[in-house]
A.B. asks: 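Once you've had a glance at the structure underneath, I'll fire off some questions.
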Amino acid sequence: MTDAPLNLFNSLTRQLEEFRPVHEGEARVYSCGPTVYNYPHIGNMRAYVFADVLGRTLSWKGYELTHIINITDVGHLTDDGDAGEDKMEKMAAAKAQSIWDIAKHYTEAYWADVKALNIREPAKWSVATDYIDEMIDFAKGIADRHCYELDTGLYFDVSTVADYGRLARAVTEEGEGRIDTVEGKRNAADFAIWRKTPAGETRQMEWDSPWGKGAPGWHLECSVMGEKLLGFPFDIHTGGIDHREIHHPNEIAQNQAFCGCGGLDVATHSGAKIWMHNNFLVERSGKMSKSSGEFLRLQLLIDKGYHPLAYRMMCLQAHYRSELEFSWAGLGAALTRLKRIVMAAEKLQDASARDASHPKFAALRDKFAAAMSDDLNTAVALVSLEEALAMKKVDASVKRAVIEEMDQVLGLGLFGLTRTDLRIRPSDARITEAEIEAELFRRKEARVAKDFAASDAIRESLADSGVEVMDGDPLGWEWKL
Ligand code: AMP
Ligand code: ZN
């Protein structure tokens, strides 16, 4: 079932391309990781669910996967209005803590989300500040031919490489966007690859360099870690769609400079063969903004009683290149769908997996493979999984083998999950599960005795405690908080 060629959408060429590895039998993937100045919001986590599905698909296709995700703990600047401060420095100052403590805390919070969403660990989490020497060496290597120095730092001259901005499909006059307009820049789009610490200031994070004390520009880290850990060209570079506009075009320009290679009609001159971008998770009321008091992070979903894998399910239901609108109702529907799948899989809990290639499942497995091979169409693949679960008159061991195989790609972890795991107590619940069960037992007795007044009274008192009694729920959930 893994025979179909894997077609992936390359943002650089804006077309589907068959995956052909640079190194026989291998797949080398770099994903831009989080800036650990704050908790990730669930939109950020969509980027890693997508990268995880890509990695799982490559493994399932038989490639030996080397996946790198970086941790950005230096260099990523705030928006224009914030006068180009480093996000890490800013948060550390606001909290009166060291940057290292901030980075540790939010890296661990990110890892907790990664785990809760069944995102597989990459081969390496590469931390930007571990690569400062390499970044300085990289910059030294390209400085003469591609950079110029101003009082504020070392700048990359984008006119020195061919096809600058090809990935964004725009010749941007707005420039780097993340830093203040800088006096003396040769082109609006030129960007800092080293930012000098302003005279008279000290920063928590600064290093000596040929261009004075300072810190690397954000784009430099990904060029350097990609090259060091995967080698140019590697197979696939991923990130959110915002990176298609500034971060990745700048990374590509640096890579071209480093390789001394030509224009981007040859995709590998960019440093990678395929550039892939997930579209955004959007939320209309602004809760995704990290500056909103209670922003949408995974823990908020859990606190409200949604299992984190309901969010993974929500992501899988959409194509990664489509915008996905977040709503609580949508999340609830995803949870219900997951419950149904888990209930069906529970019936196979005691079966041992055997013979996935049984002819009974051949058509479904082909359908699943065709969907995943069509630019990771998880929405369609999920339907094949459900159809496989619903197959009648088939051997349980065979069915289990097929489901395990599909789940290995989708990553719901079905056989480690029970229906009760999916029932999460909201953090503001005023009643315990034991109390609910006891009340429901009393209600059952009242109904047996045909005392409907008593039964209704119990139902209402439960409702006052935030419990909805669900008689006849097809999923067999008798109540929900
Ligand atoms: P950051 O920590 O800001 O560097 O972002 C981490 C990742 O999340 C990057 O790949 C971004 O492109 C991606 N991202 C940011 N916002 C969203 C969103 N609303 N939906 C999906 N991906 C996002
Ligand atoms: Zn990056």
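Read the numbers this way: they start at 1 and go in the same order the structure lists the ligands and their atoms.
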A.B. asks: I'd like to know if the Zn ion (ligand 2) has an N/O/S atom from H247 within less than 2.8 Å of it, counting both backbone and side-chain atoms.
C.D. replies: yes

A.B. asks: Given 3.5 Å as the limit, does a donor-acceptor pair link the side chain of D73 with the main chain of V36, or not?
C.D. replies: no

A.B. asks: May I have the step-by-step check of side chain to side chain donor-acceptor pair (under 3.5 Å) for K61 and S373, ending in yes or no?
C.D. replies: CA-CA 9 Å; K61 290 267 181 191; S373 302; 2.7 Å; yes

A.B. asks: Only one of T378, L117, L54 passes side-chain contact (heavy atoms from CB on, under 4.5 Å) with V49; say which it is.
C.D. replies: L117

A.B. asks: Say whether, by atom type as modelled, one donor and one acceptor occur between the side chain of D375 and the main chain of F9 under 3.5 angstrom.
C.D. replies: yes

A.B. asks: Sort out the contact shell of ligand 1: every protein residue with a heavy-atom distance below 4.0 Å, listed by chain and number.
C.D. replies: G33, P34, T35, H41, G43, N44, A47, Y48, H76, G239, G240, D242, H243, N278, N279, F280, L281, M288

A.B. asks: Report yes or no: does C32 have an N/O/S atom closer than 2.8 Å to the Zn ion (ligand 2)?
C.D. replies: yes

A.B. asks: Counting backbone and side chain alike, does H243 bring an N/O/S atom below 2.8 Å of the Zn ion (ligand 2)?
C.D. replies: no

A.B. asks: Just do the side chain to side chain contact (heavy atoms under 4.5 Å, CB included) check on D86 and R195 with the steps written out, would you?
C.D. replies: CA-CA 10 Å; D86 186 298; R195 291 175 299 116; 3.4 Å; yes

A.B. asks: Only one of H237, H247, H248, H243 forms a ring-ring contact (aromatic ring centres under 6.0 Å, His included) with H277, so which one is it?
C.D. replies: H248

A.B. asks: Which class fits the ring pair Y39 and F295: parallel under 30°, tilted 30 to 60°, perpendicular over 60°?
C.D. replies: tilted

